[in-house]
2 protein chains.
Amino acid sequence: MADIQQMAHAIRFLALDSILNAGEGHQGVPLGMAEIAATLYANHLKADPADPQWPDRDRVVLSNGHGSMLLYALLHLAGYEHVSLDALKSFRKLGSVCAGHPEIEQHAGIEITSGLLGQGIACAVGMAVAEARLSARFGPSLVDHRTWAFVGDGCFQEGIGQEAISLAGHLKLGKLTFLWDDNHITDDGDTDLSISEDVPARFRAANWHVQEIDGHDIGAIDAAINAAKADPRPSLIACRTTIAKGIPRLQGQRGGHSAPLTQKDSEEARSLLNWPHPSFTVPESVLADWRSIVPRGNETHSQWQTALANHGEAAEFRRWTTGTLPDGWSDTVRSISISAADKAASLPTITASGDVCDALAEALPELMVLCADLEAPTNHKRSRHAFTASDRSGSYVHCGVREHLMGAMTDGIAAHGGLRPVNVTYLAFADYERPAMRMAALMNLPGLFVFSHDSIGVGSNGPTHQPVEILASFRAMPNMLVFRPADAVETAEVWQIAQEHRTGPSLLALSRQATPTLRNETGENLSRKGAYVLSEPEGQRDITLLATGTEVALAVEAASLLAKDNIRAAVVSMPSWELFRDQRADYRAEVLGTAPRIGIEAALDFGWERFLRPEDRFIGMSGFGASARAEVLYEHFGITAGRIADVARDLTGKN
Amino acid sequence: MADIQQMAHAIRFLALDSILNAGEGHQGVPLGMAEIAATLYANHLKADPADPQWPDRDRVVLSNGHGSMLLYALLHLAGYEHVSLDALKSFRKLGSVCAGHPEIEQHAGIEITSGLLGQGIACAVGMAVAEARLSARFGPSLVDHRTWAFVGDGCFQEGIGQEAISLAGHLKLGKLTFLWDDNHITDDGDTDLSISEDVPARFRAANWHVQEIDGHDIGAIDAAINAAKADPRPSLIACRTTIAKGIPRLQGQRGGHSAPLTQKDSEEARSLLNWPHPSFTVPESVLADWRSIVPRGNETHSQWQTALANHGEAAEFRRWTTGTLPDGWSDTVRSISISAADKAASLPTITASGDVCDALAEALPELMVLCADLEAPTNHKRSRHAFTASDRSGSYVHCGVREHLMGAMTDGIAAHGGLRPVNVTYLAFADYERPAMRMAALMNLPGLFVFSHDSIGVGSNGPTHQPVEILASFRAMPNMLVFRPADAVETAEVWQIAQEHRTGPSLLALSRQATPTLRNETGENLSRKGAYVLSEPEGQRDITLLATGTEVALAVEAASLLAKDNIRAAVVSMPSWELFRDQRADYRAEVLGTAPRIGIEAALDFGWERFLRPEDRFIGMSGFGASARAEVLYEHFGITAGRIADVARDLTGKN
């Protein structure tokens, strides 16, 4: 039998030594949760340290990410080779896998980036959803694993935490377990400063299985984990712990969280816990107990490989889990595109997006659509049925009015692998899920964020619901591919690009209001270039109209008006600034041209300076919107073909 | 006795008629909550419709803002003159006070803008906090009013809703009551689609007083409101209602929410509820019952005016509630500024901000500081004590790890009036409260949002905690005044500007790391100009270094290096782009100069194109940060005086 108490002390002292060596860090969590973590790894975790990316591994999330040394110590002790002793010694140094907060490196066993409180447990809900659907699809012989989240008080104070609790209980995600470090201490001091509610009662109200135990009692932890595994509901194990346990000066104190450690603390802790071993040294017997996890994992993994080899859909399973697109899938997208071009219909781009999403229900079955209580106005459920507590085969999750959770679930599903998440709501609510979208960008995760109601085109629901600055705020975000397609053809094109893009999230800003189909050819995916000349006049350009989304149609109309006055206007559609930036300079110069330019977008001009010179003009918004019908607002704010033509006449001196 | 049932029907039919007249709108709430609202107004509300801005009025928040016709009907019936019958007939039309969602117009009785779910109830928590502190300060003879929030399921699904519930229970805000429209219907259909938790149990777990009643039973509503007023805890009145009650085709159905109404619906409802009156017509007896609220309000208001006249601190009360700054307050700020300049100390700008905040504890006692569990690293509590359940005199609220709530409380406190909210956390968490900050900008509310840890200067906590795009994302937001001061002197200056600015929120991006004091004179508040020449070389400029925040010191150092090579560099500090934009063109041209420019900011370049021409350069970030000590990161990302000097030599051709 492994000596789990000694295994726990190994975590404790590796963490202490690493933090002392770094000169800074958060000892509260690794010292407080050492017994919980050691028990989980020693007796329960399904993982193969020799292959950290085995698809059927349990997922472990450190939602209280500041306690990163807990995770690094665990991974090192359990035999994950990328988390070497040298790596521990480089904790918090540039380039170390042992960064201040965990940063996703799945080959090293770090499942997600965490540290912004609440994100981790919400990602974990996404992981558990992914597991449940994949298990329903491929059977438990290939998919049968659990999601464990270490979590502190802060994650439960964050609103996203409650969103996670509520939906996980509703969806009865029985393989999800939260291990709560209930240490009564926050950064400010005692939790009494800011919270007095009965947290376990909150979980019970949401239909969770709840246990309350002593978080340093290994027998109790083991029994609670067994009970959690046996219960069909998601489980909270509330572990009453002592923060920074083992350091006499700091344990149970506010300073336990992250007060700088001293050599004396190290000596006193070693004395208190009877750990006479030198810094960064784990006795062989203790290490042997830890490393016994490895053969157990190897064996389970090996049995799984046999199951995979004998599985009728092994190839399809591999395709899903490697994120490989199926042959011919893009024909489906193209057929939607051609159909739209043929019909030359006028329709909202959110509907065009729904059409693509519908068509992919069969062609790309690994899509998983999440929507925040806007099924009817966003049109992305029509060909799908719901993923529920009793039916795990569904590819549509009714997330409720919980956008922030939905964003983090998107990250969790993408990080889990196997499914392709599609997140759907209104663009005004993108602000609610922005922290999770930033995490997607930071983690290089390929989530698709589809937003409808992207401008004053929303109409009478008014300025609360009318984004005017949100496009710019996401264009400002690194590694976020932002698309605002002009019509149904471009919408299909950007869907294709987004599905092919695997190193970061994509955002689609789509319209509520109908807009005409402008492209009548669908040979080349022109949106790939980010911007392209949609219509070029005969002869030399007098003016270039740069527009995105629904305003491209206004530019086309303005160009027609101008043609009557013999003013030669080119229309450039710019579905993605980021992709355009990546084109060759000569292409960019050719598209933008040298003629005077007008930028047109029903949003503020922030950022447009990169295309518009001081002598050029911008037609768009200069502040928040208003409540009136869309066509009234476009007129009111002067975003019309007539106004564009007037400004063009003025700029070209042909008025 | 008023016939409250008839009063309720008056709401119902004015709402129905207005929505039918507009051709769109949300009937679910006004028809479902008519009895609740009528009972509240008839028997309980403290308000004087003749003076909607009376400081001691009860605050009414419609958190389920899509049900705006409930509020407009109420205000019209209760005698608020700006909500005339004509206004109701212009519902959802451009310029109408009856916008699609309520938009703050306190002279018309609309306390806040609402409609983004969860914001309203969170604002209400801020209002209740403001009332409690003002009541403690000036006594119940001047301040003794309640906050009522109408609220639907969506607000309780949103995470910010739980944050509000949790903190309101903790702070025992006994004068806060939520009136829950428990209609079992969301936009997608039955609430069972996405929620199965016991919502009242969630409130009980957070120490609320909870009652569950039939929301159409006027006696039960009246009794529940009386019980809520008598209980020292915040109260939830869970009112089981029928959505769209009264319209046979839609009541209790998903379509009740906002399905288009027909003339037939109107006729059937009139028949069902025995309301034979024509469209937009309220019988005299019913209107008389409604208007009996007016003399009651007048009388209470008149007694209050007598109390104010006899109150020893009437002038101070008036100063607080009108938002007037006290004489000489700015001397306090200036003394901090002078002290910093004299000492020429190197300190973090967040500490400089804490120094100002400390100094204002006496000079500007109406400040109310909110902080999200970061007391120690943000330094804004030192001269303050906490506002708690048992001590309402405190000017510092431990909000817990609930940034989104804190943002909305800031809005609620500002909307309430009387106090000046100061919101403090890390800039990385600004994304968590962004939806509330957007509401502050949209509502023109003067909240101060102070953020520390504003760049890679955060150090080893790594990229999760290092803002690189967040400055740009707020510069993109209309009506948000963004400041990034360079040193302690500028920090004091921008505090002064922010307190004087009353038509919108201000954001301060401040540093964790120490930065030298650069200004040695404090005569004129140079930050008012947004950007100014901090140092001008002798003779013609060879280059202009444009920088913000902690990077201004690097520019100053680079200018010294360049001087040794006889390269004449001017240094321009740009604490606020928005204020600079508002300066005269000749001033802006003079500051920016004609020499080559280098923009320097430890952030992405998005938006810098407005100052940098294609031939200029930018030194900053090009993606997310990393985990290492701040000085290592500045070196790693090439944001150093040496690099600035190198680029300057290159640009000027003097290398």
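Computation of the quantities below employed the complete heavy-atom set of this structure, encompassing side-chain atoms and omitting hydrogens, waters and symmetry-equivalent molecules. In what follows, chains carry the letters A, B, and so on, assigned in the order in which the sequence lines appear, proteins first and then strands, with residues in each chain numbered from 1. None of these values were measured; they are calculated from a predicted model.
Residues A:Leu442 and B:Pro463 come closest through the heavy atom pair CD1-CB, 3.7 Å. In this structure, B:Gln466 and B:Val458 approach most closely via the heavy-atom pair CG-CB, 3.9 Å. Residues A:Ile121 and A:Gly161 approach most closely at CD1-CA, 3.8 Å, considering heavy atoms. Taking each heavy atom of A:Val401 and B:Gln157 in turn, the nearest pair found is N-OE1, 2.9 Å.
Using a 4.5 Å cut-off between heavy atoms, B:Ser114 contacts chain A through its backbone alone, with no side-chain atom that close. Within the 4.5 angstrom heavy-atom criterion, no atom of A:Cys371 approaches chain B. Of the two parts of B:Leu604, only the side chain, counted from C-beta on, holds a non-hydrogen atom closer than 4.5 Å to a non-hydrogen atom of chain A. Neither the backbone nor the side chain of B:Asp153 comes within contact range of chain A; no heavy atoms are under 4.5 Å apart. With a 4.5 angstrom heavy-atom cutoff, A:Asn461 touches chain B via backbone and side-chain atoms both. B:Thr464 touches chain A through backbone and side chain together, each having a heavy atom under 4.5 Å away. Proximity to chain B is absent for every atom of A:Ser96, based on heavy atoms less than 4.5 angstrom apart. For chain A, the nearby parts of B:Leu116 are the backbone and the side chain; heavy atoms of each come within less than 4.5 Å. With a threshold of 4.5 angstrom between heavy atoms, A:Arg254 approaches chain B through side-chain atoms but not through N, CA, C or O. Looking at A:Arg204, there are no atoms closer than 4.5 Å to chain B (heavy atoms on both sides), in backbone or side chain. Neither the backbone nor the side chain of A:Pro200 comes within less than 4.5 Å of any heavy atom of chain B. Interface residue A:Pro467: only backbone heavy atoms are found under 4.5 Å from chain B. Contacts of B:Arg475 with chain A are made by both backbone and side-chain atoms, with heavy-atom separations under 4.5 Å. With a 4.5 Å cut-off on non-hydrogen atoms, A:Leu633 touches chain B through its side chain but not through its backbone. Contact annotation for A:His101: both backbone and side-chain heavy atoms come within less than 4.5 Å of a heavy atom of chain B. Only the side chain of A:Phe429 comes within contact range of chain B, judged by heavy atoms closer than 4.5 Å. Proximity to chain A is limited to the side chain of B:Met439, based on heavy atoms less than 4.5 angstrom apart. Neither the backbone nor the side chain of A:His66 comes within less than 4.5 Å of any heavy atom of chain B.
Put simply, of A:Ala628, A:Ser627, A:Cys399, the one with the most heavy-atom pairs under 4.5 Å next to chain B is A:Ser627. By number of non-hydrogen pairs under 4.5 angstrom with chain B, the leading residue of A:Leu94, A:Asp373, A:Val199, A:Ile195 is A:Asp373. Per-residue heavy-atom pair counts under 4.5 Å with chain B were compared for A:Ser460, A:Gly100, A:Gly607, A:Gly154, and the maximum is reached by A:Ser460. In terms of heavy-atom pairs under 4.5 Å with chain A, the best-connected choice from B:Leu374, B:Ile160, B:Thr191 is B:Leu374. Contact count against chain A (heavy-atom pairs under 4.5 Å) is highest for B:Arg610 among B:Lys93, B:Arg610, B:Glu403. Interface check for chain A: of the options B:Ala603, B:Ser196, B:Gly400, B:Ala389, the most heavy-atom pairs under 4.5 Å are formed by B:Ser196. Chain A forms the most heavy-atom pairs under 4.5 Å with one residue out of B:Ser473, B:Pro435, B:Ala472, B:Ser166, and that residue is B:Pro435. When each of A:Arg629, A:Lys381, A:His465 is scored by its heavy-atom pairs under 4.5 Å with chain B, the top score falls to A:His465. Ranked by non-hydrogen atom pairs under 4.5 Å with chain A, the options B:Glu433, B:His170, B:His398, B:Glu197 are led by B:His170. The candidate from A:Ala99, A:Ala201, A:Gly462 with the greatest count of non-hydrogen atom pairs under 4.5 Å with chain B is A:Ala99. In terms of heavy-atom pairs under 4.5 Å with chain B, the best-connected choice from A:Arg438, A:His404, A:Glu375, A:His636 is A:Arg438. By number of non-hydrogen pairs under 4.5 angstrom with chain A, the leading residue of B:Glu24, B:Gln162, B:Glu163 is B:Gln162.
In this structure, B:Glu103 has no salt bridge (charged side-chain N to carboxylate O under 4.0 Å, His left out) partners at least two apart in sequence or on a different chain. Under the rule for a side-chain contact (heavy atoms from CB on, under 4.5 Å), the partners of A:Ala441 that lie at least two apart in sequence or sit in another chain are A:Met477, A:Asn479, A:Pro505, B:Phe624.
Using a 4.0 Å cut-off between charged nitrogen and carboxylate oxygen, A:Arg402 and B:Glu158 do not count as a salt-bridge pair.
Taking a 6.0 Å sphere around CD of B:Glu635, one finds it holds 12 or fewer heavy atoms contributed by other residues, nucleotides or ligands.
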Inset, instruction - Please step through ring pair (Phe, Tyr, Trp, His ring centres under 6.0 Å) for the pair A:Phe156 and A:Phe203, ending with a clear verdict. - result: CA-CA 10 Å; A:Phe156 292 160; A:Phe203 279 82; 5.1 Å; yes
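Ring geometry for B:Trp608 against B:Phe618 counts as tilted: the plane angle lies between 30° and 60°, on a 0 to 90° scale.
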